[in-house]
Each structure stands twice: as structure tokens, then as C-alpha cells.
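Worksheet: one structure, shown below.
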Amino acid sequence: MDASPIPASVDELTSRLLTGERAEQIARLVRRIGVADSDAERLEVRSPVTGELVASVPACEVPDVEAAVQRSQQAQTEWARWSARRRARVLLRFHSLLLARQREVLDLIQLESGKSRLNAFEEVMATASTARYYGKHAPAHLRVRRRAGATPVLTRAWEHHVPVGVCGFITPWNYPLTMGVTDALAALVAGNGVVVKPDAQTPLAALWAFELLEQAGLPPGLAQVVTGDGPVVGGAIVELADFLMFTGSTATGRKLAARCGERLIGCSMELGGKNAMLVLPDARLERAVKGAISGSFGNAGQLCISMERIYVHRSLFDGFVSRLAEQVGKLKLGGDLDWNSDIGSMISRKQLEATTAHLEDAVAKGASVIAGGQPQPEAGPLFFEPTVLVGVTPDMDCHASETFGPLLEVYPYEDVDEAIKLINDSDYGLNASIFSGSISSARALAPRIKAGTVNINEPYAAAFGSIDAPMGGMKQSGVGRRHGAQGILKYTEAQTVAAQSLLPLTPDAGTPAAPYAAVMTFGLRALRRIPRV
Ligand code: NAD
């Protein structure tokens, strides 16, 4: 394993970023969190790579969330009156600014999350793609649609989509920019205000993105960011928002969805996964190995749609495993704030310990480590080698539970029916991948896999990056979808407007009932014969 010691420049560069222009920017971003009480308790944001203090953000309380929701509500009334096309132009300007000023946010993402610069850049790509997609397509998704009326000619009907009001977003630490802002982009362009609670470990990228949106023309106050403890701030958002979009663990999502049910507000839940890759006998071995590596170890495995299980046909298994071990051994771990490392740091000791607990349990029960398996303190306190296990059995903790770290299990299978049964034998159903020499055979298998996205010859980016298509989880992996039409219409209420001309549909008082019923029966029979009515 090539784990280069922390180059002096990592510490130096981090310190330099935290004293110069970037430090001023961070202080300004933190001031955007409007808190009623300026003496609010502070939460520290530290670099996972160097441990250095990056920022301290207020631990907001319930009244701060109430004030944020009110500020957003005030701005939303006027924003909802803007045409969808005018709102969409803000997203397209944001897209241009984001690409032009990406360096700023790459630094911030790396400082707060410890991920590699390439993984940080994936966040910029995903955010730009979402801004471009909704910037171009939101007006079409939101346009008023003519619907068939109750009676031809006499009744005309239209379907409107009106914003729900203020949408709440509770987001995780693993993709601070993508998760912090992309779902909110869809809600904003649909005419809503937003209140966003990023994870307290990683609030800066979201703060930066909302400042940039204001520079792109978003009315001040419409987007509010509140930082603080999950149950306190997140709990208040669930009580006050008109819709909740939650991204995080299944355990938290289940609790919050129950509360949304009690309040009778809509919600969308993007939760955990135990995603599987299927390598068919006709797959190109080298491509499948590369897919396994990028799909399992990107962001140090801390990605909801990353692969944690790989099922390889017995005919390819030995070659696959030896090539995988060889290639994984070449990955470069490092915390540099440049483009030199393949894999960055894990976010926290908690996440590191969860990964090592799964590994130790599996090894104690008989699994074999074929690559990695050790922490890499020379690279930083929270680095862990990308690790591959074979011989995992159902009694091991990692077999069914999400690890959310750089730990991958590889299993052989004999026939495809058996492999699909194993893949579906999971509480989760977020993402899956099939590697095959034939896209049409892989497509034919996809509907048999119970997962919200199925990527062919790619681990996750093909489906996640196809913003025109819905993305989300089946089973315990979620409710609702982001992206595409569903990813924007969920932030609206459907409203039907219908107008009646000439004759009323309901009889006037005093109209003889029996002749009325006879005429209507005749009419219903006639309508049955007219196509498309
Ligand atoms: P988590 O559920 O602990 O936290 C997620 C967010 O919820 C954080 O902002 C946290 O502060 C907040 N929160 C925690 N408890 C809360 C409560 N009681 N009330 C309101 N808010 C609360 O999840 P995590 O461990 O930080 O994130 C990792 C999990 O997220 C993994 O399971 C991963 O698979 C999942 N995830 C899913 C997606 C997806 O799109 N499906 C994306 C990223 C992460």
C-alpha cells in the first residue's frame, strides 16, 4: 500500500488557507447563519486530515430555526410570483459562477471533509449538472397542463403545480456541496423557500453555495442555513417546514418520516444502502475491476450509492480477485489539497471505528483480507486502507449491514438466478451495478434487481449523473426520488383548475331528477365511444 507520509505542505497549506483570504471567506460565510442570540454555543469544524480548527459555527436553537423559517417565508411570497423561466435563469447563472469559482469550494470541501480533490470535484460536477438540468427543464416540468374536462367542450381543466411554501433539508456530511444544495435547487426553482441544516461537521460548502446563489440573483433571505445539533435543529425543521427532504441514515429517516406522517406534510427520504455489483461471465475483467475500485473506494467508501458487495461469476472469480488486490494496492492515500491522491481521509473517528469493527468481526469469524486492512496514521489520523474481503458469511456483521467505509466484500456465484437472489436478500435497495459484455442482456436483468438505480458497466455515476431520470431507494433505502420530473414536482402541490361553460354539470335546484339522469346516462354512453375522453 502506497501511503505517503503527510507531506509538510498539507499542514502548511491547511494553515495558510486558514489564515489568508480563505479564512476571511470562512468567517463571512459563518456570519450568514443569522442567530437570534449571538452568544450561542459554538460547534467546531476541524480538518479530518490535520485536526486544525477550520471554523466554529453556532449551535442554533429552536427559536433560531423559527426565525429562519419566517425569513424564508417572507421572501418566498414574492419569489413564487416570478415566472419559472426567470427563476431558472438564477440556476443557470449559478452554474456559470460555480464552474468559474470552483477552486474556492474545492478547498472548503477538502478542509471540512478530508476527501481527495478529485472526489471534491465530483461534487462540483454533480451540482453543476443539477443546476444546468433544472435551469433548462424546470419551466417545462412546471408548466400548466391542459387536462380532459368532465364533459367535452363544456368543461375545460388545467393542472397547475404550486409551490408548497418553505421546504426543509436535513443533509449528511459525506457530500457537503452536492447534498447541501442540489435538492434545494429543485425546490427553489419550483418557487419555494428553503431552510437547510447541513451536518455540523461540514457546513461550509453549503454556506458557500447559497452565498453564490444570491450572487446569481436569488433573493436574499429565501435560502436559510441553520447549523447545530441534529435532533434540535433538524427536529425543529421537521416541525416547521411544509415539506421535508432528508438524506441520511435509515434509522433517522424512519423517525422523521413518522413525524411528517403525523403532521401530514410530504417528505422524501434518501437513506442507506448495501449496494451490490454483479459481474456476469461475459464481462470484461479489467473494466469490472476498475469499476469495483472506483465504485467501492471513492470518497473512502463513505458514499450511499457505493458498492459494498460484489458477486463475480465463478469462471472469473480467481482472476478478478487477484487483479483487484493488485490494483487496490496501488491506490495512493493522502490528504493533500491538490490532485495527487486517490483516496482521502475518513470523516471522523466514529466512522473509522465502525469500519474497523466490521473488519475485525469478519476476520474473527473466518473472512480473509486480500487487500488493505490497516489504518494509515502516516497519512493522517483517520486514514484507512481500502480493504477487500473474501469468505464473508451471513453471520458476519458486514454481510447485511451498511459499513459506509472502505470495506468491500467479494463473493463467487454459480448461476445468475442465484446471484440475483443474493443481491435482493437485503433490507436495502438503493443502487446496483451490472458488468457485462452485452448491454441488452444486462438491461433485461435490471428489472429483477430491487434497487432504485441499476448502472450497466459503471458503478454509480451513470445513473446518478442522468439528472433527467429519477434517483432514489426501494425498501429501507428511501421513499420518493430526487432528479427528473419527480425530483421537482414533489416540492409542489398539484392543483386542478376547471371551468364550466354554457350548461352546469350539476342540475339546478328544481330540475326533474329522472330526465336529468336519463340524459346523463346517454351522455356517459356516448363518451365511452369517443377515443381519449
Ligand atoms: P444521520 O442520519 O446520522 O445524519 C444525517 C443528518 O440528519 C445530519 O444532518 C444529522 O445532523 C441529522 N440528524 C441526526 N439525527 C437527527 C434527528 N433525530 N432529527 C433530525 N435530524 C437529525 O446519517 P449520517 O450517519 O450522518 O450519514 C450517513 C448515512 O446517510 C448513511 O447511511 C448513508 O447511506 C446515508 N446517505 C444516503 C444518501 C442517499 O442519497 N440515499 C446520501 C448520503 C448519505
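Just so you know, ligand 1 is whichever comes first in the structure, and atom 1 is the first atom listed for that ligand.
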Counting heavy atoms only, name the option from G248, S348, G272, P172 that's nearest to atom 35 (C) of ligand 1.
G248
Around atom 36 (N) of ligand 1, find the nearest protein heavy atom and jot down its residue, atom name and distance.
C304 CB, 3.5 Å
Decide whether an N or O pair under 3.5 Å exists between L271 and ligand 1.
yes
Taking the side chain as C-beta and beyond, is there a heavy-atom pair between L188 and Y134 under 4.5 Å?
no
Identify the closest protein heavy atom to atom 34 (O) of ligand 1: which residue and atom is it, and at what distance?
E402 OE2, 2.5 Å
Option set R482, K197, M179, criterion heavy-atom distance to atom 11 (O) of ligand 1, minimum
K197
Looking only at non-hydrogen atoms, which of G230, S477, A236, S306 approaches atom 22 (C) of ligand 1 most closely?
G230
Can you check whether T252 has an N/O within less than 3.5 Å of an N/O in ligand 1?
yes
Under 3.5 Å: N/O of K255 near N/O of ligand 1
no
From CA spacing to verdict: side-chain hydrogen bond (donor to acceptor under 3.5 Å, both in side chains), N119, S116:
CA-CA 5 Å; N119 290 153; S116 73; 3.2 Å; yes
Pick one: which of D336, D107, D342 meets salt bridge (Lys or Arg N to Asp or Glu O under 4.0 Å) with R117?
D107
Let's go through E409 and K274 carefully: what are the C-alpha distance in whole Å and the side-chain angles of both, what is the deciding distance for salt bridge (charged side-chain N to carboxylate O under 4.0 Å, His left out) to 0.1 Å, and is it a yes or a no?
CA-CA 11 Å; E409 304 140 34; K274 185 74 188 175; 2.9 Å; yes
Is a salt bridge present between R32 and E214, judged by a nitrogen-to-oxygen distance below 4.0 Å?
yes
Quick check: D229 and ligand 1, any N/O pair under 3.5 Å apart?
no
Which option wins on minimum heavy-atom distance to atom 43 (C) of ligand 1: T202, D183, N174, I170?
N174
S477 (side chain) donor-acceptor with G429 (main chain) under 3.5 angstrom:
yes
Compute the shortest N/O to N/O distance between S249 and ligand 1 and return yes if it is under 3.5 Å, no if not.
yes
With the side chain counted from C-beta on, respond yes when C267 and R259 share a heavy-atom pair under 4.5 Å apart, and no when they do not.
no
Go through the side-chain N and O atoms of E385 and Q374 and say whether any donor and acceptor fall under 3.5 Å apart.
no
Is ligand 1 less than 4.0 angstrom away from at least one heavy atom of Y175?
no
Atom 25 (O) of ligand 1: the protein heavy-atom neighbour that sits closest, reported with distance to 0.1 Å
W173 NE1, 4.0 Å
Assess, by modelled atom type and distance only, whether the side chains of S268 and K490 contain a donor and an acceptor separated by less than 3.5 Å.
yes
Check whether any heavy atom of G473 sits under 4.0 Å from an atom of ligand 1.
no
Heavy-atom nearest neighbour in the protein, as seen from atom 17 (C) of ligand 1, with distance rounded to 0.1 Å:
P231 CA, 3.6 Å
Under 6.0 Å between ring centres, would you say that holds for Y491 and H161?
no
